[in-house]
Amino acid sequence: MFTGRFARHQRLTRPSEFKQVFARACKTGNQHLTLLCRQNDQDVARLGLAIAKRYISTAVARNRVKRIVRTSFRQHQAELSGLDIVVLGKTSAGQLSKQELFSVLEKLWQGLIKKCKDSSSP
RNA sequence: GGAGUCGGCCCGAUAAUCGCUGGAAAAUGUUCGCAUUUUCUGGAGGAAAGUCCGGGCUCCAUAGGGCAGGGUGCCAGGUAACGCCUGGGCGGCGCGAGUCGACGGAAAGUGCCACAGAAAAUAUACCGCCAGCUUGCUGGUAAGGGUGAAAUGGUGCGGUAAGAGCGCACCGCGCUGCUGGCAACAGCAGUGGCAGGGUAAACCCCACUCGGAGCAAGACCAAAUAGGGGAACAUUGGUGCGGCCCGCAUUGUUCCCGGGUAGGUCGCUUGAGGUGUGUGGCGACACACAUCCCAGAUGAAUGAUUAUCCACGACAGAACCCGGCUUACAGGCCGACUCCUUCC
RNA sequence: GCGCCCGUAGCUCAGUUGGAUAGAGUGUUGCCCUCCGAAGGCAAAGGUCACAGGUUCGACUCCUGUCGGGCGCG
């Protein structure tokens, strides 16, 4: 069963916080999603979602992608601690099934840990 | 049994675990703003959509006057209001249950009607028909032919030189009266020889109606800052205010240069609310009583996993709130009614 | 949340207000020209005027409703 919570302080809420991530980002991704990441000064990982209507047109599909990203983030938040992450959705993300999205996210989290934690920590 | 019409309802179900979020209670911490934890409880739709109409609410004047402009358009009712709904009338479709209709005015005026055709609305006569005589002209006529989407009521009989509402009958149309109906309208009787094409989703006329902006409205709190410099104009001005004028309120105004901030709270869900019963009404709906509280987020909550069952799950996600319309849509359930066939 | 504009040939656009022929450039194809190619000349094909319904004798044009695309305010 899943553990871990997803409280308000684990989210990016201010426009300024988003701007910081966009300004000094460590970027990974594939054809479905783009992940932007930078280190914060806190113990927890924080998540922000930017799923544009331009890429995923219907609100139902947008909400579905956001929910699955949040759930997957919640499962992996211990490994991601100390990072601010912004997830950008692309057109193909709205067409994936639940299982496909989870497996895609699994790979992306691991790539993120390798790339960003090593490169930006020293 | 089959085919169909109308109305209403549902939108996977159940259980467990982990999460998100509103409310309530308790505990702990506290810089007294709040934070964390635990328990209980609530948590997307019939279209939440398109934004095509109407209203509430907020600010501008309590939303005022005139012009311009827009909308609606058979009658009556319902409603907060409507372009919606109900009932009725008329017309179209259907055997029928039913269903559809921008359904005022063309004798108020203006415009337009290609080509063809004699002539497209001022009037008129191409082929014809008839009469007369100078034998290719004059007069009469509009029945027939021809053109066109559309040609000055239709059919029949009489009548005539040939014809013609010229006369008559029926149908259509107009006018008058009576009856029924609140009315739209219908029916009946009389009367007129026929008013004189279409187009108002062309301008327009008539009747009714419409002030503007929108919750990023608007109100408040805290923090920061600037209260800066320069130039021009002068109350017949500027702003609110939006096409114009009047009017009202407020105020010196405008432009250029450089710089900074944009955090939070309220508005925010008790409402033209839902459910049940009764009464009035053909109905839309209204009234009375009882009862219930049923999303309120703010980078934005409804999800994930497992198990079982089936019809194997369509279209699709609230963002201030309601009433409609329109559009998208896999299916399922219930009720009323119509037609056809067969049997008793 | 509110407002505005545009969908016409493969591409870029006229025509729409004022109703009666769907047109231009470019591209494509064929022929000519040239030793060959480019340029040039001639000709042809290519259109459900975004979709659906309505008004009208007649709709790219007028009206209504959809669908798609773009822009602006804040």
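All figures in this text were calculated on a predicted structure; none of them were measured in a lab. Proteins get letters first, then strands, A, B, ... in listed order; numbering begins at 1 in each.
- Nucleotide B/A307 has B/U14 as its partner under the Watson-Crick or G-U criteria, with both atom distances under 3.5 Å.
- Stretches of at least 3 consecutive Watson-Crick or G-U wobble pairs, with each checked distance under 3.5 Å, appear in RNA chain C as C:1-7 with C:67-73, C:10-13 with C:23-26, C:28-32 with C:40-44, C:50-54 with C:62-66.
- In B/G198 the base sits anti relative to the sugar, since the glycosidic angle is further than 90° from 0.
- When the P atom of B/G19 is taken as reference, atom CG of A/Leu47 falls 18 Å away, rounded to whole Å.
- The distance between atom CD of A/Gln77 and atom P of B/A304, rounded to the nearest whole Å, is 19 Å.
- Regarding A/Gln75, its CD atom lies at a distance of 16 Å from the P atom of B/G303, rounded to whole Å.
- Across all strands shown, B/G136 pairs with B/C133; the Watson-Crick or G-U wobble distances both stay below 3.5 Å.
- If you check B/G77 for Watson-Crick or wobble pairing at under 3.5 angstrom, you find it paired to B/C85.
- Note on A/Arg70: a side-chain N or O is less than 4.0 Å away from OP1 or OP2 of B/A300.
- For B/U199, the paired base is B/G111 (Watson-Crick or G-U wobble, both distances below 3.5 Å).
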Please produce a list of atom pairs where a protein N or O lies less than 3.5 Å from an N or O of nucleotides 44-48 of chain B.
none

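- A close approach under 4.0 Å does occur between a side-chain nitrogen or oxygen of A/Lys98 and OP1 or OP2 of B/U305.
- When both distances must be under 3.5 Å, the Watson-Crick or G-U wobble mate of B/U236 does not exist.
- Remark: side-chain polar atoms of A/Ser72 are not paired, donor with acceptor, to backbone N or O of A/Ile68 under 3.5 angstrom.
- If you check B/A151 for Watson-Crick or wobble pairing at under 3.5 angstrom, you find it has no partner at all.
- The gap from the C1' atom of B/G71 to that of B/A201 amounts to 14 Å, rounded to the nearest Å.
- For A/Thr71, the listed nucleotide lying nearest its side chain is B/A304; candidates were B/A304, B/A300, B/G19.
- Remark: B/G94 base-pairs with no nucleotide in the shown strands. Criterion, Watson-Crick or G-U wobble with two distances under 3.5 Å.
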